[in-house]
Protein chains: 2
Amino acid sequence: METTWEHRLRSAGLRVTRPRLSVLGVLAEHSHVDADTIATAARVVHPSISPQAVYGVLKALVGGGLARRIEPAGAPALYELRVGDNHHHLVCRECGDVADVDCAVGAAPCLTPSDAAGFVVDEAEVVFWGLCAGCQVARRQHGYGAGIAIRGGATA
Amino acid sequence: METTWEHRLRSAGLRVTRPRLSVLGVLAEHSHVDADTIATAARVVHPSISPQAVYGVLKALVGGGLARRIEPAGAPALYELRVGDNHHHLVCRECGDVADVDCAVGAAPCLTPSDAAGFVVDEAEVVFWGLCAGCQVARRQHGYGAGIAIRGGATA
DNA sequence: CCCTTCTCTTGACTCAGTCAAGACAACCGG
DNA sequence: CCGGTTGTCTTGACTGAGTCAAGAGAAGGG
């Protein structure tokens with residue numbers, strides 16, 4: 001399973017290097033990680049790796065189609081290896097945890113807005129906001145009831 | 001129509017101030033604007049307004065339900081006055097232009113992922129990425145064909 | 001009109017990410 | 001197996017968007 005990365009890198013026209021393999025290793029273990037966490041985790045295997053190298057590697061991986069970048073509002077970008085299917089994400093408002101969801105609407109998906117206003121659409125990005133299971137429990141234990149504090153406060 | 005802002009501010013529990021009215025004025029004229037553009041435009045009417053004041057005002061407006069904040073990946077946050085309906089957005093990859101779209105899936109919308117993984121979902125955010133009409137024309141004139149360069153480069 | 005409280009100004013600061021120059025290592029060819 | 005080319009990594013300075021905090025200044029209730 002480890003050796004496959006070499007092939008994948010090469011067939012994307014990328015050289016096989018230690019930093020890249022380290023980053024891929026980290027991505028394989030954590031499903032949605034930010035650049036900083038990747039850097040920290042990669043340093044276990046490759047201590048001299050610099051933050052900028054991580055940014056560079058991630059850009060290369062995304063460009064080569066080996067990784068996907070998502071940017072939930074108000075949080076640093078996250079990277080994942082699941083590529084090719086245009087799946088979507090559940091994001092927890094409390095802890096920022098992210099889970100994958102398969103496309104809710106049919107197969108090739110939700111790619112059809114009701115009125116495209118002259119746009120040629122090539123991707124539909126869906127983010128479901130809510131509370132993850134763990135944070136629901138925490139809320140209840142702290143006596144906040146089941147309500148969700150909508151981002152930014154009041155709800156008219 | 002101008003005086004309505006006073007009511008809206010007050011009923012959200014916010015004081016009526018010159019900076020707030022200026023910002024609301026700008027938002028009423030531009031459909032999707034970033035904080036910096038708002039500051040510049042507001043300065044026409046209220047020259048002494050500071051960037052931080054704009055951030056503060058916008059946070060207050062969003063908190064009070066008078067404005068909505070959207071954060072397209074890779075671009076500064078945008079603000080709009082259209083609130084209450086959970087509509088979605090078309091974003092142009094080329095020029096960053098944004099257009100509104102009514103919810104594509106039924107009424108209360110797309111709020112149901114196929115598998116919620118234990119999350120309690122309270123909002124579904126949809127962003128359609130593509131090329132706006134203007135940029136399609138520009139592409140063709142420069143001889144790039146009709147293809148869309150996917151963000152970040154290659155497409156496997 | 002005064003007082004309380006919220007809001008604005010000013011200015012320092014954080015965080016995520018980019019840019020650039022040079023050292024270094026991966027791969028191709030011999 | 002070795003050298004040269006070119007892509008990649010390291011180091012370090014920098015940008016841009018937004019936050020935090022202290023104090024001056026208004027908004028609006030009494």
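Just so it is clear: chains get the letters A, B, ... in the order the sequence lines come, proteins before strands, and each one is counted from 1.
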Margin query: Can you tell me how far apart CG (A/L61) and CH2 (A/W5) are? Round to the nearest 0.5 Å.
Written below: 9.0 Å

Margin query: Distance check, rounded to the nearest 0.5 Å: A/S31 atom OG versus A/H89 atom NE2?
Written below: 9.0 Å

Check: With the 4.5 Å side-chain cut-off for hydrophobic clustering, are B/L14 and B/Y55 part of the same group?
Finding: no

Note to self: For B/R15, is there any backbone N or O sitting under 3.5 Å from a side-chain donor or acceptor partner on B/R20?
What the structure shows: yes

Checklist line | Given C/dG17, C/dT9, D/dT19, the nucleotide with the shortest approach to the side chain of B/A53 | finding: C/dT9

Notebook entry, point to check: In whole angstrom, what separates A/H46's NE2 from D/dT10's C1'?
Noted result: 10 Å

Checklist line | Whole angstrom value for the distance that separates C1' of C/dA16 from CG of A/L58 | finding: 13 Å

Note to self: Output the rounded distance in Å from OH (A/Y55) to C1' (D/dT10).
What the structure shows: 16 Å

Notebook entry, point to check: Taking OP1 and OP2 of C/dT9, is either one under 4.0 Å from a side-chain nitrogen or oxygen of B/S48?
Noted result: yes

Check: Starting at CH2 of A/W5 and ending at C1' of C/dA26, how long is that distance when rounded to a whole Å?
Finding: 20 Å

Check: Is A/Q52 side chain donor-acceptor paired with the D/dT11 base, going by distance under 3.5 Å alone?
Finding: no

Notebook entry, point to check: Where the side chain of B/Q136 meets the backbone of B/L131, is there a donor-acceptor pair that is under 3.5 Å apart?
Noted result: yes

Protein N or O to nucleotides 26-30 of chain D N or O, pairs below 3.5 Å:
unit_1	atom_1	unit_2	atom_2	d
D/dA27	N3	B/R15	NH1	3.3
D/dG28	OP1	B/R10	NH1	2.7
D/dG28	OP1	B/V16	N	3.2

Item checked: A/A60 or B/A35, whichever maps to the more 5' nucleotide of DNA chain D -> A/A60

Check: Could you state the CD-P distance from B/E71 to D/dA17, rounded to the nearest angstrom?
Finding: 13 Å

Note to self: From CG of A/L9 over to P of D/dT8, roughly how many Å is that when rounded to an integer?
What the structure shows: 10 Å

Check: Given atom NZ of B/K59 and atom P of D/dG18, what is their separation to the nearest angstrom?
Finding: 11 Å

Next item on the list: Could you tell me the separation between the CG atom of A/L24 and the CZ atom of A/R8, rounded to the nearest 0.5 Å?
Entry: 8.5 Å

Next item on the list: Would you mind checking if A/R43 and A/D36 are paired as a salt bridge, meaning a charged N to carboxylate O distance below 4.0 Å?
Entry: no

Margin query: Could you tell me how far apart B/I49 (CD1) and C/dC8 (P) are, to the nearest whole angstrom?
Written below: 8 Å

